[in-house]
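Okay, structure first, notes after.
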There are 2 protein chains.
Amino acid sequence: MPTLRDVAKLAGVSHTTVSHVLNGTKRVRPEVADRVWAAVETLEYRLNRPAQALRRGQSHILGLVLPDLTNPFFPGLAQAIGLAARKAGYALTLVDSLEDKTVEEEGLSRLAEEQVAGAIWVPVGDYVPPPFPVVLVDRTAEGTDGVEADHFLGGQLQARHALAMGHRRVGLLSGPQSLRSARLRREGFLAEAKVGGLEVVWEEEVPFSLELSPKARARLRAVREEVTLVVAANDVIALAALEVLREAGVRVPEEVSLIGYDDIPWATLAHPPLTTVRQPVKEMAEAAVALLLRRLQEPEGEAVQIVVPVTLVPRGSTREVRR
Amino acid sequence: MPTLRDVAKLAGVSHTTVSHVLNGTKRVRPEVADRVWAAVETLEYRLNRPAQALRRGQSHILGLVLPDLTNPFFPGLAQAIGLAARKAGYALTLVDSLEDKTVEEEGLSRLAEEQVAGAIWVPVGDYVPPPFPVVLVDRTAEGTDGVEADHFLGGQLQARHALAMGHRRVGLLSGPQSLRSARLRREGFLAEAKVGGLEVVWEEEVPFSLELSPKARARLRAVREEVTLVVAANDVIALAALEVLREAGVRVPEEVSLIGYDDIPWATLAHPPLTTVRQPVKEMAEAAVALLLRRLQEPEGEAVQIVVPVTLVPRGSTREVRR
DNA sequence: AACAGGAGGTTGAACGTTAAACTATGCCCA
DNA sequence: TGGGCATAGTTTAACGTTCAACCTCCTGTT
């Protein structure tokens, strides 16, 4: 592997000059610069990033810490973040914490060892500030840069849609209340439900996964007797519920309507296609990277919280009921 | 940030001794080692990975190069690879090439700059060996370590299941024939179809995505007149087909059966649940990482090709037809 | 004619780690 | 008694980059 010095020798200049040409850190005569570039070409010189990182005290890598890649909300996010990071010249190091706080903590510690410039983090555990700048996504915290969808509004939209469709009695499959996002969705929903006169007949807290609790499954099997609508804290839960309902012979939306949250790619392919709340994943990803890059320029300064709007996407899983 | 030397000073030893204690590269008296560990604790020392990588000529990072994270086959793979890598003490740097050869090439080049120890690579373009060891996954090449499912067998299983269910006329939605995996699936299917007397009435080549070509959509809308079964090169295609069939009012499996490939998490949630060929993603991921780690130990030596078996998972989207 | 100052380049050191070469001490055995 | 050798530790240098300080022309100004 050729180094700066090899390039320098071939181009007949000092190694610093090569560095300056490559980084544009100083004016260099075009003639000399050309010689340098030519030497870079012929030797197929490649920057040694660890050396650069050592000298600069930080690497040109961003960390991405996610709770669970198999949750279909995240691959799209990861892809968009990777794209934005690449455009800015950063590589991306991925940590999938598998929803485990210990794994998450070790991952962040590892990112610190790698001297990452910063990280984008969807926290599963408590927010403990790592020794590099982070932007929290989806689950934000006070005093730290963050990007999140308007969860409260999303909950409200679920309730409004339910009311607009004439529903009066609803069952709620809420997400883990340890998560800010799930809490806000629930609060938004309950607030608007109260205002509009939508009665929450039952509520079950379940994890963001396809595995529903036995109690939740029981509620769903008996759904006809109690409610005309089930609202879920995300699409994965909604799809799991749809499955239970199908097994129980409950027809959606004829007998009971269903509303999800996230608008994952499969929501539209479900049968019936899922009425849901769309989070603008791509915009969130781009905003998060932009915010992180800004913070790298300007380490000090007020924490910025970006809240992006969400929209309700009506599809086949909800239908109007008569009073 | 404290360094080895800070730790050394506090423990009253030389910095090399600290290094030896941390890496276990030399015997050190327990008493001294204890002092070192204590100093590490109180100073909250953290290894500087770039410095280590510079000195060693190689970082403790593995690359993962994927064509498209939003294809639901890959998140599970990425997660399992990340887990296996972490267990072996490696961090994971992700490159999502978005099915673009140029992006892929730049990504590999970047991994080289980062001095990664090796990479796991699902190639979208031609296989051009990078300057570090790689293990190809899913789409292998001669002369390089690789892990792939038995695509040919998978195609055969699709055909055998079709025959076992009494089908005689089939439409084939094959995948991009530029990809080895899609080619093999097709060949396996056609071979077994020929043997068993299964007539391929039509065939359309479509990308591994939810967007079907107009010709393919037309075939599906007219499916009743021509075939009793549609076979797809992967589950994403199958789900897209299912959607078109639903729109066209064709009932699955009553009027036409459908077979997919991959067994992605959503296959079981589709309506009807998708009969498909399961690839053991987790095993493949673990095999790939194990193979890569072995290659890092033993750089020379014959390339190893691991082929893992696949199984047909019968579900609701296929049903028996009378002769 | 002398000198300031900018442009273009070089020298040398430093980042934190590891590996090789070296030193000091103690012990065994001829 | 002294040579050989293992054990436990130290000294020193090196990895490839960047940054600050320095040097050398050259040009324009007075």
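By convention in this document, chain letters (A, B, ...) are assigned in the order of the sequence lines, proteins followed by strands, and residues within each chain are numbered from 1. Computed from a predicted structure; not experimentally measured.
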Exercise for the section: Ignoring the backbone of A:R27, work out which of C:dT10, C:dG8, D:dT11 is nearest its side chain. Expected result: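 Shortest atom-to-atom distance from the side chain points to C:dG8.
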Exercise for the section: Would you tell me whether B:S59 and B:R49 have side-chain atoms, one donor and one acceptor, within less than 3.5 Å of each other? Expected result: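 There is no such pair between these side chains.
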Problem - A:H20 or B:H20, whichever maps to the more 5' nucleotide of DNA chain D - result: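 Result: B:H20.
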Problem - Distance test, side-chain N/O of A:R29 to OP1/OP2 of C:dG8, below 4.0 Å - result: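 False: A:R29 side-chain N/O out of range (4.0 Å or more) of C:dG8 OP1/OP2.
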Practice task
Given side-chain contact (heavy atoms from CB on, under 4.5 Å), test A:R5 with A:V18 step by step and report yes or no.
Solution key: CA-CA 8 Å; A:R5 297 184 133 90; A:V18 177; over 6 Å; no
Exercise for the section: Can you see which heavy atom on B:E104 is nearest to which on B:P123, and at what distance? Expected result: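 In terms of heavy atoms, the two residues are closest at OE2-CA, 3.4 Å.
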Write down the protein N/O and nucleotide N/O pairs, taken from nucleotides 13-17 of chain C, whose separation is under 3.5 Å; answer none if there are no such pairs.
residue, atom, partner, partner atom, Å
C:dA14, N3, A:R55, NH1, 3.0
C:dT17, OP1, B:Y45, OH, 2.3
C:dT17, OP1, B:N48, N, 3.4
C:dT17, OP2, B:L4, N, 2.6
C:dT17, O4, B:R5, NH1, 3.3

Exercise for the section: Answer yes or no: does atom CD of A:E105 have more than 12 heavy-atom neighbours from other residues, nucleotides or ligands under 6.0 Å? Expected result: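 No, CD of A:E105 has 12 or fewer neighbouring heavy atoms, counting only those of other groups under 6.0 Å.
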Practice task
Could you tell me, to 10°, how much the axis swings from one end of the helix from C:dA1-D:dT30 to C:dA30-D:dT1 to the other, five pairs per end?
Solution key: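 End axes: 60° apart.
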Problem - Check: B:T25 side chain, C:dT18 base, donor-acceptor under 3.5 Å - result: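 For B:T25, whose side chain was compared with the base of C:dT18, there is no donor-acceptor pair (under 3.5 Å).
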Handout entry: Whether B:S181 side chain and B:R139 backbone form a donor-acceptor pair below 3.5 Å
Key =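 No: the side chain of B:S181 does not pair with the backbone of B:R139.
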Handout entry: Aromatic plane relationship, A:H60 with A:Y90 - under 30° parallel, 30 to 60° tilted, over 60° perpendicular
Key =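 The rings of A:Y90 and A:H60 lie parallel, inter-plane angle below 30°.
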Practice task
Using side-chain contact (heavy atoms from CB on, under 4.5 Å) as the criterion, point out the one residue from A:Q279, A:R183, A:R180 that pairs with A:H151.
Solution key: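 When A:Q279, A:R183, A:R180 are each tested with A:H151, the side-chain contact (heavy atoms from CB on, under 4.5 Å) holds only for A:Q279.
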